[in-house]
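Letters A, B, ... are given to chains in the order of the sequence lines, protein chains preceding strands, and every chain is numbered from 1.
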Protein chains: 2
Amino acid sequence: MPPDDKVVTSIVDLAGQGSAGTLASTVYDRLRGDILSGSLPPGEKLRTEALRARYEVGNSPIREALNRLSADGLVTREDQKGFRVVSASRADLEELVKTRCWLEAIALRESIANGDDEWEEGLVLSFHRLSRVRRSSSEDHYTVNPEWERLHRAFHLALLSACGSRWLLQYCAQLNDQADRYRQLAIVVSYPRRNELNEHEAMMKAATSRDAEEAVSLLMAHYERTAGIIRESISEFAAS
Amino acid sequence: MPPDDKVVTSIVDLAGQGSAGTLASTVYDRLRGDILSGSLPPGEKLRTEALRARYEVGNSPIREALNRLSADGLVTREDQKGFRVVSASRADLEELVKTRCWLEAIALRESIANGDDEWEEGLVLSFHRLSRVRRSSSEDHYTVNPEWERLHRAFHLALLSACGSRWLLQYCAQLNDQADRYRQLAIVVSYPRRNELNEHEAMMKAATSRDAEEAVSLLMAHYERTAGIIRESISEFAAS
DNA sequence: CAACGAAATAATTTCGATATTTAATTGACA
DNA sequence: TGTCAATTAAATATCGAAATTATTTCGTTG
């Protein structure tokens, strides 16, 4: 009996999944989505009063959600001074990418070493699903496609899912969230013009043929490239 | 309501400032300490009513503390079913140790590569402080010495502090917490008979002479040995 | 005119009570 | 006697207001 593994929800909420959880959990999901999508910009003050109006709930659920988010690193909390959306900066982005590469390199190597048939099949499947969805919701101008975002996250998680450590998986997911936020902030400026499908396919193939060196090097390049695009499309974020 | 009862039940008095914060933060610290010290055993149901009595505060601070702890991985939360202390098992311990070795190996290598004079001095200093405190409070039988616990944690953190990633540092600290909990659970059974001072000194010297390979290998051995002691002194923990 | 300090204002934190949901118990029926 | 449904009991989750703490405003003083 594998101990309760919750970990990992989706990037921009399961939109509409008004799942029968508690109000606090619902608010948590929505707030998380609003932060990751950039709808609540970095550094934004999060006043209880305003949030109560925005999400139409009482005091307690808001506060619970904020406390969870602060432990997730999406919100900063200062005793007696309330909450704000975590700030964003060039330096933080670099630190984030670096850490992500370190951790995912380990996770991917372990996954390739330990992954069984089920893992392989899950990987192939999640790639297939990702390949059948458009990057953007509309044709001419870019609009976030929540479905693509969800499947993209699922694919990357599938890569690492056999690493054998729920801790590591959770950390990778957390860093994924952070990176997604930067991606969304950058997207406002630059239409994503890269076709990532080839890169994903190459990773999938390297992983399923158990070529760890190749897979890791592809994954690192993938992240470096993404970081590069974000870097160049951003002068500086709002901070503090 | 004067918080005159500053009974430090916590192994690690993480915030020296302590008292200045909110009630929620105080309860968070105390609860954290009580879980790490084993005073609240694995799997224990955490009823709000009981905790209100135990810590003598209202509903909200308890709930906030529990929510933060659940994001820290020290308590589990299930919607509509409340909170319990995270369970402990042999399998979880193995996973924990493995993950810890992965992450700290990176952090230590980076620290050694990037650490400046200040880092070196901090390391030497924290070793010196650790060396002047006894492992146990009393001579004949073992009693947790909070001061040693604090300095021990500080030393290990000093080793990694120059790794250049706050994310990684935070994760290492989190895994440290988890490992401390297992240590405390094990100590109930077996008096710690190993003299860890030599090991710590060797690590410190290897790190300050920038011998990454040696330092990492010492650190890994250190953790493996600790895990071994915990393993042998424990048949099985309460679970689920 | 700047600086300091005290009242007024705003925001955060906390409490006690209520509404909802889950778990436990009882009792009826096959 | 065992199972299932209905009822009771317990616990969680939520609300709205009160208490505490930070921030701003404004008048006074050096």
Nearest of [options] to any side-chain atom of [X]?
{"X": "B:Asn59", "options": "D:dT12, C:dA17, C:dT14", "answer": "C:dA17"}
{"X": "B:Thr48", "options": "D:dC15, C:dC15, D:dT12", "answer": "D:dT12"}
{"X": "B:Lys45", "options": "C:dT12, D:dT14, D:dA11", "answer": "D:dA11"}

Could you tell me how far apart [X] ([atom1]) and [N] ([atom2]) are, to the nearest whole angstrom?
{"X": "B:Ile62", "N": "D:dA11", "atom1": "CD1", "atom2": "P", "result": "15 Å"}
{"X": "B:Leu51", "N": "C:dC15", "atom1": "CG", "atom2": "P", "result": "14 Å"}
{"X": "B:Glu64", "N": "D:dT14", "atom1": "CD", "atom2": "P", "result": "14 Å"}
{"X": "A:Arg47", "N": "C:dA10", "atom1": "CZ", "atom2": "P", "result": "12 Å"}
{"X": "A:Leu46", "N": "C:dT12", "atom1": "CG", "atom2": "C1'", "result": "13 Å"}
{"X": "B:Leu66", "N": "C:dT14", "atom1": "CG", "atom2": "P", "result": "14 Å"}
{"X": "B:Glu49", "N": "C:dA17", "atom1": "CD", "atom2": "C1'", "result": "13 Å"}
{"X": "A:Arg84", "N": "D:dA22", "atom1": "CZ", "atom2": "C1'", "result": "13 Å"}

Less than 3.5 Å apart, any donor N or O on the side chain of [X] or [Y] sitting next to an acceptor on the other?
{"X": "A:Thr143", "Y": "A:Ser137", "result": "no"}
{"X": "B:Asp34", "Y": "B:Tyr55", "result": "yes"}
{"X": "B:Asn145", "Y": "B:Ser136", "result": "no"}

Filtered N/O pairs between nucleotides 19-25 of chain C and protein, under 3.5 Å:
unit_1, atom_1, unit_2, atom_2, d
C:dA23, OP1, B:Lys81, NZ, 3.2

Per nearest nucleotide of DNA chain D, the residue lying toward the 5' end, A:Arg52 or B:Gly82, is B:Gly82
Closest approach of A:Pro42 and A:Val85, non-hydrogen atoms and distance?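 Answer, listing the atom of A:Pro42 first, then A:Val85: CA-CG1, 3.8 Å.
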Of B:Tyr171, B:Trp102, B:Trp167, which meets ring-ring contact (aromatic ring centres under 6.0 Å, His included) against A:Tyr171? B:Tyr171
Within the distance-only criterion (no hydrogens, no angle test), does the side chain of A:Ser111 pair as donor or acceptor with the backbone N or O of A:Leu108 below 3.5 angstrom? no
Mark yes or no for whether B:Ser25, through its side chain, and B:Gly21, through its backbone, hold a donor-acceptor pair below 3.5 Å. no
